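For reference, the structure discussed in these notes is given below.
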Amino acid sequence: MGSCVTNMSKELPYITSDLPGIGGSIKWVPTDFRVFEIPPPPPDGVFCKQSCHFWIPIQREGMNTHDVQDLLATILGYPNGIEIGMCGLKDKDATTIQTFSVPSFSRSLGCHLTSDEVVAVIQEQSQSRLLVAGPVRVSSKKLRRNMHLGNRFEILVRSLSLPSTKALLCVRSIQARLEETGWPNYYGDQRMGKGSRNGLRGLRMLESVQNAKGGARKRLRNSITRSQQKTLLLSAYSSLYFNIWLARRVEKGNFETLIDGDLLEPAKVPGQHCPNGETNQETKACPLRYNSTEMQHYDSTAALSILRDFKNGSLTYSGPYYGHGMILPAENTAARLAEEDTATSVSTIQNGTYKMLNMWGGRRAARISLKHMNLEIKEREGGLQFSFSLPKGSYATSFLREFMKVSVDEVEENAAPLSKNDKNGKEEERPKKRLKTIVSLRPVTLDYIQEKMNSLQVDFTSSSLEENLAPLKYKLLVLRSQAGGKSRKVIFTLCSSSNNRTIQEWSTKLGEKKTCRMMSEQDMKLSLGCSTLQELSPFSLCTEPHLPARVHCAIDEFLLSNSNRILLKFGVDGHHIGLQIVDYVKVVTAFGVAVETIKFSD
């Protein structure tokens, strides 16, 4: 079963298979792959302190959408990125302009901000990693998934297998063919992984739930529905089915024609929204069902209009996105038999299993016309540049493969490697409520921290001396305060070893009632830039991305007032950095950590 699925995904047929491709590769550098999100319709412009959000277009490189959400949340003092709104997921290895919504209230500053203040805070604290790329708009609502109107791409294809002049002629021939036929709206390998491994993993999860019984089935269901990564694998499973169905339709020669039972829908136009405020992709109208026999007795003007709209790309048929509640073609029609043949030949998953895992089915446009893409192709130094617009949910690489005749796997091997969770200017078909995001914190390297201290003009020394040779010794203690059984704050404390402070003394001065020492390595991995107790050091506060706002640093005033240099441990390799405590405070503050000075009575 698995080999059948893998072979089908690797051999997705081309519409222009009789025309030679230009080869090449993409994503050599982020500027080779530009994504411009077409923003949603203008918001209501209502500024209400109880619920006010700023819609901000942000340009970034080397960061995926979740990275930007987490960074914005840290800047504004929120524990995770769930308060930051966005319309869809975009690629990491690209230059991307995407709109995010942020609350007007900053927890870190404890007050509401104006749009100009929010922009200034973001650009300053992001250290130029995020650039505001347009006017800020005010809304009473945050952005939600699929509210935008599509994406515009500018992609440079390098390392062509033909000279650029001949490649351009070849591209023009393919373009002329696609203007007549349209192109198949396949899901890209970014969704399913190489060899469709993500789709196969989703299939195995569904089979395990279907075969489990009793409490084991319930626990397995909960582990899947509460995991963002596992729900993406279920989406990959449904996407894989769609690709297999569409590939078989292309192979049978039915891509450019309608067959009995086809469910029709208006073509999705990038940048267009309906008068009622919904985008054309979100319209819930009942699908039009095609029946060749009824067409013969149907009003001739209406029948000709349907066929004409299909030929010119204004109307398209849809394919199955498997899940509970999916609309099916009428029974005993060619379209219904084709979909059932795809389902029964690949898996035996029952509808009840989809419903248990909240997998909601739908339909996806199978044929995309060049009519509304505003395609432009021109020569550029190093290759050919393709500029075009796509409706949300469509993949730029699925369109480019018709010109390149090179699989996405081969393109990615020649280009910069992508993270398995990154997206290529696309969005999930089924919007989901985001679960709590766990940020992957990475400790900075010794070279990076030294470069940072040089930029801050900090006087320091780096050595491999043992800590007991230092003129001033310190004591490090990591505390965790609790409220309602949950961790509320993480307090990173430093004091002189000659004036060692107890946990009770720290708790009293910090005003925390329930405080204990953090000893769990799992808690440290989630809250600090270290994964084991051996890695814990004063520089564990220096991470990329910045630590969440719940992490604070508290330093004994006695240690801070001492003018002697102190030798602070760095990592597990025996490296130490010598500097004054006031300079240490300057360094950790630059990494977004709030530092508090504690004065004890003695």
Side-chain angles (χ1 to χ4, degrees), residues 1-12 89 145 185-249 263 318-329 335-364 366 393 395 420-423 426-436:
M1 183 184 301
S3 61
C4 171
V5 173
T6 304
N7 290 338
M8 283 299 300
S9 65
K10 283 187 174 181
E11 300 170 1
L12 294 175
L89 304 177
R145 294 293 293 270
N185 192 21
Y186 293 125
Y187 283 97
D189 279 355
Q190 303 93 317
R191 168 75 71 97
M192 292 171 293
K194 293 184 179 180
S196 302
R197 58 190 177 193
N198 290 345
L200 293 174
R201 290 174 64 188
L203 174 60
R204 287 194 292 268
M205 283 197 303
L206 286 166
E207 290 175 340
S208 62
V209 171
Q210 187 164 277
N211 296 330
K213 298 183 182 299
R217 190 180 195 187
K218 183 177 180 180
R219 289 191 295 272
L220 187 57
R221 178 199 66 189
N222 291 340
S223 70
I224 293 174
T225 56
R226 296 174 182 176
S227 168
Q228 186 181 41
Q229 182 178 5
K230 290 180 180 178
T231 53
L232 289 176
L233 295 179
L234 297 182
S235 297
Y237 159 86
S238 298
S239 306
L240 182 58
Y241 263 173
F242 176 86
N243 275 9
I244 294 175
W245 167 84
L246 183 54
R248 290 182 175 178
R249 178 149 181 161
L263 302 182
S318 62
Y321 187 82
Y322 283 95
H324 177 65
M326 183 186 71
I327 300 175
L328 292 171
R336 178 68 170 266
L337 295 175
E339 292 187 12
E340 290 179 347
D341 177 59
T342 301
T344 56
S345 64
V346 180
S347 80
T348 56
I349 303 302
Q350 300 172 0
N351 185 64
T353 306
Y354 295 138
K355 186 176 181 180
M356 178 182 295
L357 295 173
N358 297 327
M359 285 183 63
W360 303 103
R363 309 293 299 183
R364 173 180 170 89
Y395 289 68
K420 64 181 179 181
N421 291 327
D422 292 337
K423 308 293 184 290
K426 64 171 191 333
E427 295 74 41
E428 299 297 324
E429 287 292 309
R430 187 190 315 113
K432 296 182 179 67
K433 180 179 179 181
R434 260 193 84 190
L435 303 179
K436 183 177 179 180

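Model, not experiment: these values are computed from the prediction. Keep in mind that the numbers below use all heavy atoms, side chains included, and drop hydrogens, waters and symmetry copies.
- Using cut-offs of 30° and 60° for the angle between ring planes, the Tyr321 and Tyr187 rings count as tilted.
- With sequence neighbours excluded, the residues forming a side-chain contact (heavy atoms from CB on, under 4.5 Å) with Ile224 are Met205, Val209, Leu220, Lys230, Leu234, Leu357, listed by chain and number.
- The side chain to side chain donor-acceptor pair (under 3.5 Å) search around Arg336 returns Glu340, not counting sequence neighbours.
- Here the straight-line distance linking atom CG of Leu203 with atom CG of Leu233 works out to 11.5 Å at 0.5 Å rounding.
- To the nearest 0.5 Å, atoms OG1 (Thr225) and CE (Met356) are separated by 10.5 Å.
- The shortest distance between side-chain heavy atoms of Ile349 and Tyr322 does not fall below 4.5 Å.
- Within the structure, the side-chain hydrogen bond (donor to acceptor under 3.5 Å, both in side chains) test picks out the following pairs touching residues 208-221 (sequence neighbours left out): Gln210-Thr353.
- By the 4.5 Å heavy-atom criterion applied to side chains, Asn198 and Leu240 are not counted as neighbours.
- Under the 3.5 Å distance criterion, the side-chain polar atoms of Arg201 are left unmatched by any main-chain donor or acceptor of Ala236.
- Atoms OG and CE, from Ser318 and Met326 in turn, are 9.5 Å apart once rounded to the nearest 0.5 Å.
- The minimum heavy-atom distance between Tyr354 and Leu206, with the atom names listed, is CE2-CD1, 4.2 Å.
- Put simply, the side chain of Tyr237 reaches to within 4.5 Å of the side chain of Tyr241, judged on heavy atoms.
- Arg249 places no side-chain N or O within 3.5 Å of a backbone atom of Gly319 that could act as its donor or acceptor partner.
- Not counting sequence neighbours, the partners of Asn351 by the side chain to side chain donor-acceptor pair (under 3.5 Å) test are His324.
- Under the 3.5 Å distance criterion, the side-chain polar atoms of Arg363 are matched with a main-chain donor or acceptor of Ile327.
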Exercise for review: Evaluate the criterion side chain to side chain contact (heavy atoms under 4.5 Å, CB included) for residue pair Leu246 and Arg364; output intermediate values, then yes/no.
Suggested key: CA-CA 11 Å; Leu246 183 54; Arg364 173 180 170 89; over 6 Å; no
